[in-house]
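Computed from a predicted model, the values in this text were never measured in an experiment.
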Amino acid sequence: MDLGSPEQDPEMKEGYSSVYVGREDDIKKSERMTAVVHDREVVIFYHKGEYHAMDIRCYHSGGPLHLGEIEDFDGRPCIVCPWHKFKITLATGEGLYQSINPKDPSAKPKWCSKGIKQRIHTVTVDNGKIYVTLSNEPVKYDSDFYATGNFKVIKS
Ligand code: FES
C-alpha cells in the first residue's frame with residue numbers, strides 16, 4: 001500500500017479489528033443502530049434479513065443517514081438521505097440518480113450509478129452479537145470527508 005499517495009486517507013489504518021456494537025435481538029427489532037467504531041461514526045441497518053454498515057454522514061453534505069428511510073430504486077435497497085434525498089445503495093454505497101436522454105422523446109428516466117460514494121463497512125454476527133469492521137480500502141470515498149479530519153463529529 002502506498003501511504004504517500006494523495007488518494008490515501010491518512011485516518012484509514014491497516015487491519016482494523018472488529019468492534020462489538022450491539023445484540024442481534026436488538027437490531028432486529030429497531031432495524032438500525034448507530035455506533036462509534038475506532039473513532040468513526042457508523043450506522044448499521046438490518047433490512048430484509050441482511051446487515052449493512054456505512055459511514056453515518058451522507059457523502060453529499062453530511063446529512064444524518066440514520067434518520068433516513070429505506071426504499072428500493074431499480075430493485076436496489078437504498079437509504080434516502082433526509083436532507084436532500086440522495087439515494088445510496090445499502091450493499092455498495094453507490095450514489096444513484098435518474099437520467100433522461102433529451103434526444104429520445106420516448107425515453108423513460110433511467111437509474112444510473114455515480115459510483116461508490118459512501119464508505120461501506122463489514123458486519124459480522126457471532127453468537128447473537130454484532131461486530132463491525134471498518135473498511136480500510138486504500139481509496140478516498142466522498143463520505144470520508146465528513147467522517148474524518150475537521151468535519152467528524154466525534155473528536156478523539
Ligand atoms: Fe445527504 Fe444532501 S446531505 S443528500
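- Nearest approach of Ser143 to Tyr59, heavy atoms of both residues: N-CB, 3.7 Å.
- Hydrophobic clustering of Ile, Leu, Val, Met, Phe, Trp and Tyr side chains at less than 4.5 Å, counting indirect connections, unites Val37 with Ile130.
- In this structure, the separation between OG1 on Thr89 and CD1 on Ile79 is 11.5 Å, given to the nearest 0.5 Å.
- Under the 4.5 Å side-chain criterion, counting only non-hydrogen atoms from C-beta, Ile88 is not in contact with Cys78.
- Of all heavy-atom pairs spanning Met33 and Ile27, the tightest one is CE-CB, 3.5 Å.
- Although no hydrogens or angles enter the test, the distance criterion places a donor-acceptor pair under 3.5 Å between the side chain of His121 and the main chain of Ser135.
- Between Phe45 and Leu90 the shortest heavy-atom distance is CD1-CD2, 3.7 Å.
- Atom CZ of Arg57 sits about 13.5 Å away from atom CZ of Phe145, to the nearest 0.5 Å.
- Leu65 has its side chain within reach of Cys81: a pair of non-hydrogen atoms, C-beta onward, lies under 4.5 Å apart.
- Using modelled atom types, one side-chain atom of His38 and one backbone atom of Ser17 make a donor-acceptor pair closer than 3.5 Å.
- Between Cys58 and Tyr146, the closest heavy-atom pair is O-CD1, 3.5 Å.
- Minimum interatomic distance between Val123 and His52 (heavy atoms only, all atoms of both residues): CG2-C, 4.0 Å.
- Between the side chain of Arg40 and the main chain of Ala147, no donor-acceptor pair closer than 3.5 Å is present.
- Heavy-atom neighbours of Lys110 NZ from other residues, nucleotides or ligands within 6.0 Å: at or below the threshold of 12.
- Ring-plane geometry between Phe86 and His60 is classed as parallel, the angle between the planes falling under 30 degrees on a 0 to 90 degree scale with a further cut at 60.
- Although no hydrogens or angles enter the test, the distance criterion places a donor-acceptor pair under 3.5 Å between the side chain of Lys87 and the main chain of Lys85.
- Linking ILVMFWY residues whenever their side-chain heavy atoms come closer than 4.5 Å, directly or via other members, places Ile116 and Val139 in the same cluster.
- If you check the side chains of Tyr51 and Glu24, you find a donor sitting under 3.5 Å from an acceptor.
- In this structure, the side chains of Pro77 and Lys48 stay at 4.5 Å or more apart for every pair of heavy atoms.
- Tracing side-chain contacts under 4.5 Å through hydrophobic residues (I, L, V, M, F, W, Y), one never reaches Val125 starting from Ile120; they form parts of separate clusters.
- Side-chain contact between Ile70 and Arg32 is present, with at least one heavy-atom pair separated by less than 4.5 Å.
- At a threshold of 4.5 Å between side-chain heavy atoms, the hydrophobic network of Ile, Leu, Val, Met, Phe, Trp and Tyr places Met54 and Val19 in two separate groups.
- Side chain of Gln118 to backbone of Asp55: a donor-acceptor contact under 3.5 angstrom is found.
- Atom CG of residue Asp26 and atom OH of residue Tyr46 lie 13.0 Å apart, to the nearest 0.5 angstrom.
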* Could you check Val80 against Phe73 for side chain to side chain contact (heavy atoms under 4.5 Å, CB included), going step by step and ending with a plain yes or no? => CA-CA 10 Å; Val80 181; Phe73 297 96; 3.7 Å; yes

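- With hydrogens and angles ignored, the 3.5 Å screen pairs a side-chain donor or acceptor of Arg119 with a backbone N or O of Glu137.
- Not one N or O on the side chain of Arg76 forms a donor-acceptor pair closer than 3.5 Å with the backbone of Ala91.
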* Please test Ile56 against Val43 for side chain to side chain contact (heavy atoms under 4.5 Å, CB included), starting from the C-alpha separation and ending with a verdict. => CA-CA 5 Å; Ile56 198 167; Val43 56; 4.0 Å; yes

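- Within the model, atoms SG of Cys112 and CG of Leu96 stand 9.0 Å from one another, a figure rounded to the nearest 0.5 Å.
- Contact detail for Glu94 and Ser113: the closest heavy-atom pair is OE1-OG, 2.6 Å.
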